Protein chains: 2
Amino acid sequence: MSEPLSNEAISAITAAVDAAFEDEIAFLQDIVRARSLRGEEAGVQKIIADALRDRAYDVETYGLDVAQLQSHPAYSPATIDYTDTFNVSGRKKSGHGGRSLILNAHVDVVPTANPANWTHPPFAAVREGDWLFGRGAGDMKAGLAANLFAVDAIEAAGFSLKGPLEFQSVIDEEVTGNGTAAAIMNGATADAVLIPEPTDEEVTYANSGVIKFRISVQGVPAHPREPESGLSAIEAAFLVINELKVLEARWNEEKTSHPGFDDLRNPASLNIGTINGGEWPASIPFECRFEGRIGFYPGDAPQDRMASLEQMLKTLGTKDPRLEKANPKLEWIGTCQAGYLLPEGSDAENALAAAHKITSETALKRSIMACYLDAALYVNHCGIPALTYGPLTKNIHGIDECVNLPSLKRVTKTIALFTAAWCGIAPT
Amino acid sequence: MSEPLSNEAISAITAAVDAAFEDEIAFLQDIVRARSLRGEEAGVQKIIADALRDRAYDVETYGLDVAQLQSHPAYSPATIDYTDTFNVSGRKKSGHGGRSLILNAHVDVVPTANPANWTHPPFAAVREGDWLFGRGAGDMKAGLAANLFAVDAIEAAGFSLKGPLEFQSVIDEEVTGNGTAAAIMNGATADAVLIPEPTDEEVTYANSGVIKFRISVQGVPAHPREPESGLSAIEAAFLVINELKVLEARWNEEKTSHPGFDDLRNPASLNIGTINGGEWPASIPFECRFEGRIGFYPGDAPQDRMASLEQMLKTLGTKDPRLEKANPKLEWIGTCQAGYLLPEGSDAENALAAAHKITSETALKRSIMACYLDAALYVNHCGIPALTYGPLTKNIHGIDECVNLPSLKRVTKTIALFTAAWCGIAPT
């Protein structure tokens with residue numbers, strides 16, 4: 001059971017969040033401006049490591065060793081090397097008797113598409129009214145700032161934590177989840193994990209399993225004057241994508257046996273995210289590659305879903321004889337992980353709900369996210385309750401991504417009160 | 001009327017082709033090895049200019065000046081600059097009284113797709129039995145070699161030409177036709193043109209008009225957990241390509257009023273040659289670009305067909321409301337030229353048929369090519385009969401492109417006899 005916080009402690013901690021909120025926004029702007037596409041996280045990680053050192057965390061930075069990681073079930077196939085990037089971990093020395101907590105956030109961000117389509121440059125971190133704009137502002141540097149300033153507020157209010165706390169700033173969540181996998185391999189463990197992904201102040205009690213793939217199909221090139229002699233690889237790719245849509249429809253039909261997921265229009269949510277084919281406008285294209293993701297339900301083994309996709313590709317020729325020559329080549333290029341499902345009423349969720357109730361005066365809503373979340377690794381591979389709960393955002397992964405600042409303030413308070421209650425506090 | 005060649009002249013000229021044929025193959029190998037993708041033709045052009053100088057042609061090399069070219073109707077929209085490449089022209093001083101002739105060939109080649117899929121490396125010019133393999137071996141460096149060694153044979157047989165001859169080695173046929181457009185702007189003119197494209201020893205009496213396009217469509221990016229908020233640009237591209245297929249079907253229906261073309265299964269022959277979209281497997285793609293070509297009939301103004309395609313793109317939203325946001329952007333990226341139609345029984349074609357009859361002992365077959373040919377520029381913009389006639393090949397624009405060497409020898413003889421008869425010969 002959580003230790004109830006005194007009204008005085010609550011007031012002091014939330015007042016401390018209020019007092020430092022302009023600093024929190026300035027820090028968020030700093031880390032948004034430190035553009036951190038996958039593989040390019042070193043710059044922002046250095047800022048975060050310095051911020052932790054300034055706050056007297058015990059700081060550890062460590063790289064990702066794929067040779068070692070790939071033996072762990074939390075590892076997903078990586079398509080980049082991790083030479084120039086690293087995780088950051090900051091530990092607070094604990095008092096006695098409290099429960100332990102990991103505050104986790106990822107710093108990698110997805111590409112921006114054409115910056116010219118943004119109202120504000122995607123890495124300028126422009127503040128406009130109640131919103132802060134920028135790639136990563138919502139997903140999830142705001143959450144990372146909330147973690148940092150939540151712990152600051154507890155200390156500024158005159159308390160130290162009884163239970164041990166680890167602050168994790170991880171890389172490569174957007175493709176693989178290998179940053180958090182490395183944290184787990186590095187020994188991270190706790191009684192609970194909180195990850196402030198952008199959830200509009202709801203707690204995510206389940207997510208989808210996700211597999212990410214690259215498929216290359218071949219055509220038979222020929223001059224357009226005799227197209228019968230060729231097979232367009234782009235045409236073949238369209239046909240394969242149509243078969244993937246059949247798979248998506250079939251997997252969506254299974255939602256009726258997955259409570260919660262049956263409310264989603266499209267839980268499998270096939271996405272073809274990239275396509276590249278051909279080399280010449282007037283030649284029949286020889287090769288076409290596309291990348292995407294598809295989801296499934298908690299409890300499903302990703303290996304089974306991967307096998308279904310492989311099987312579909314093997315039998316393409318029976319769907320359309322033109323595809324017999326398409327010679328599809330499949331690669332796994334990121335997250336291949338199961339979804340998680342957190343039972344209602346856990347101590348950790350109750351503690352979060354209590355903190356949320358104080359800051360938001362509403363009951364905590366539980367919801368599902370039909371996408372990969374690092375929480376899945378802690379829940380599925382470590383048996384740790386991992387709560388995903390973060391601020392209101394708009395357009396994550398899109399144009400004009402932004403985070404709502406009043407929401408960020410509430411979330412910072414909620415995380416501070418949750419942390420204080422979970423780990424326990426003592427006057428310093 | 002062509003001057004009939006004496007039997008002695010025929011024997012001497014064809015014997016000279018036989019005698020030099022191993023040299024011709026060696027020369028062809030040299031120019032195949034001089035890889036000449038569009039914009040990279042300078043190396044092979046230097047070899048050809050040297051070969052012409054060695055043969056006492058009057059050699060001129062000249063660049064393409066887009067500012068000047070684009071005022072000419074033979075110009076098609078270029079997407080590269082021509083700084084590092086040039087045309088080569090070689091002129092033979094004439095005697096008196098003969099007709100003039102242009103022997104034209106292009107040296108640019110299309111990309112190879114993955115060289116690993118070739119039996120022999122695409123620029124190794126490997127000879128195997130009756131075939132010489134390589135990108136450009138068929139389309140159309142063999143034809144260029146035939147032009148060169150045909151004139152050599154006439155001279156080696158002890159004759160000079162009465163009428164003026166221009167040997168043209170032009171660039172950038174595969175995308176635009178601007179090499180030949182530049183030759184025309186440079187003042188090239190003659191009573192006939194011969195272009196030994198790979199036609200399997202048939203004469204091409206008509207080709208398609210062709211327009212080449214690049215279309216970019218936009219999506220609305222969003223996170224896959226809420227796909228309803230986004231529109232996939234790759235999905236949008238598929239829908240636009242489907243509308244292009246509707247256009248293709250409609251244009252194909254018109255074939256019934258175009259004799260010759262009504263025998264072709266697919267005269268419009270829409271080809272989507274390249275596609276590139278998205279930047280991230282798990283983001284809904286924001287932009288997708290594809291390039292292609294579509295054909296139409298001789299007598300059709302390309303401007304009208306371009307307008308049809310533009311109109312289709314403007315009304316996409318009426319076909320599918322999802323496409324209202326797709327904001328398609330259209331660029332013309334190469335050939336935008338009408339097709340040509342050569343009436344049967346011209347002096348030039350009769351002269352070619354007579355030469356072909358001698359070397360092949362069969363009547364010359366007339367056929368259509370549903371693709372762009374440089375002959376169209378001479379026919380449509382200069383009113384010059386331009387004959388397209390060349391060797392038997394396999395897999396042009398494909399994997400394992402190759403030219404048949406016995407056919408190349410026959411074609412070299414045919415070109416030699418045609419040239420001798422057309423221009424007239426006198427003993428040297």
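Predicted, not measured: the structure shown is a model, and the values here were computed from it. In what follows, chains are A, B, ... by sequence order, proteins preceding strands, each numbered from 1. Values below: every heavy atom of this structure, side chains too, minus hydrogens, waters and symmetry copies.
For the set B:Gly334, B:Gly278, B:Gly277, the count of heavy-atom pairs under 4.5 angstrom toward chain A peaks at B:Gly277. The residue among A:Thr335, A:Val175, A:Asn276 with the most heavy atom pairs within less than 4.5 Å of chain B is A:Asn276. Listed options B:Ala233, B:Pro111, B:Gly292 were ranked by heavy-atom pairs under 4.5 angstrom with chain A; first place goes to B:Pro111. Highest contact tally toward chain B, considering only A:Arg38, A:Lys212, A:Arg214, A:Arg289, is held by A:Arg38 [criterion: heavy-atom pairs under 4.5 Å].
Proximity to chain B (any heavy atom under 4.5 Å) is restricted, for A:Ile241, to the side chain, taken from C-beta onward. Within the 4.5 angstrom heavy-atom criterion, only side-chain atoms of A:Ile234, from C-beta onward, approach chain B. Looking at A:Thr112, only its backbone comes within 4.5 Å of chain B, counting heavy atoms on both sides. No part of B:Glu287 comes within reach of chain A, as not one of its non-hydrogen atoms sits under 4.5 angstrom from that chain. In this structure, no portion of A:Asn207 lies under 4.5 Å from any heavy atom of chain B. Neither the backbone nor the side chain of A:Glu401 comes within contact range of chain B; no heavy atoms are under 4.5 Å apart.
When every heavy atom of B:Pro285 is checked against every heavy atom of A:Gly273, the shortest pair comes out as CB-O, 3.5 Å. Residues B:Ser283 and A:His397 approach most closely at OG-ND1, 3.3 Å, considering heavy atoms. B:Pro281 and A:Ile333 make their closest contact through CG-CD1, 3.9 Å (heavy atoms, listed as atom of the first residue, atom of the second, distance).
When side chains are defined from C-beta on, B:Asn271 counts as touching A:Ile284, because their heavy atoms get closer than 4.5 Å. In this structure the side chain of A:Gln218 reaches within 4.5 angstrom of the side chain of B:Asn117, judged on heavy atoms. Looking only at side-chain heavy atoms (C-beta outward), B:Cys288 and A:Ile275 come within less than 4.5 Å of each other. A:Glu291 is not listed as a side-chain neighbour of B:Trp280, based on a closest heavy-atom distance of 4.5 Å or more.
More than 12 heavy atoms of other residues, nucleotides or ligands lie within 6.0 Å of NZ in B:Lys245, so this atom counts as buried by the packing criterion.
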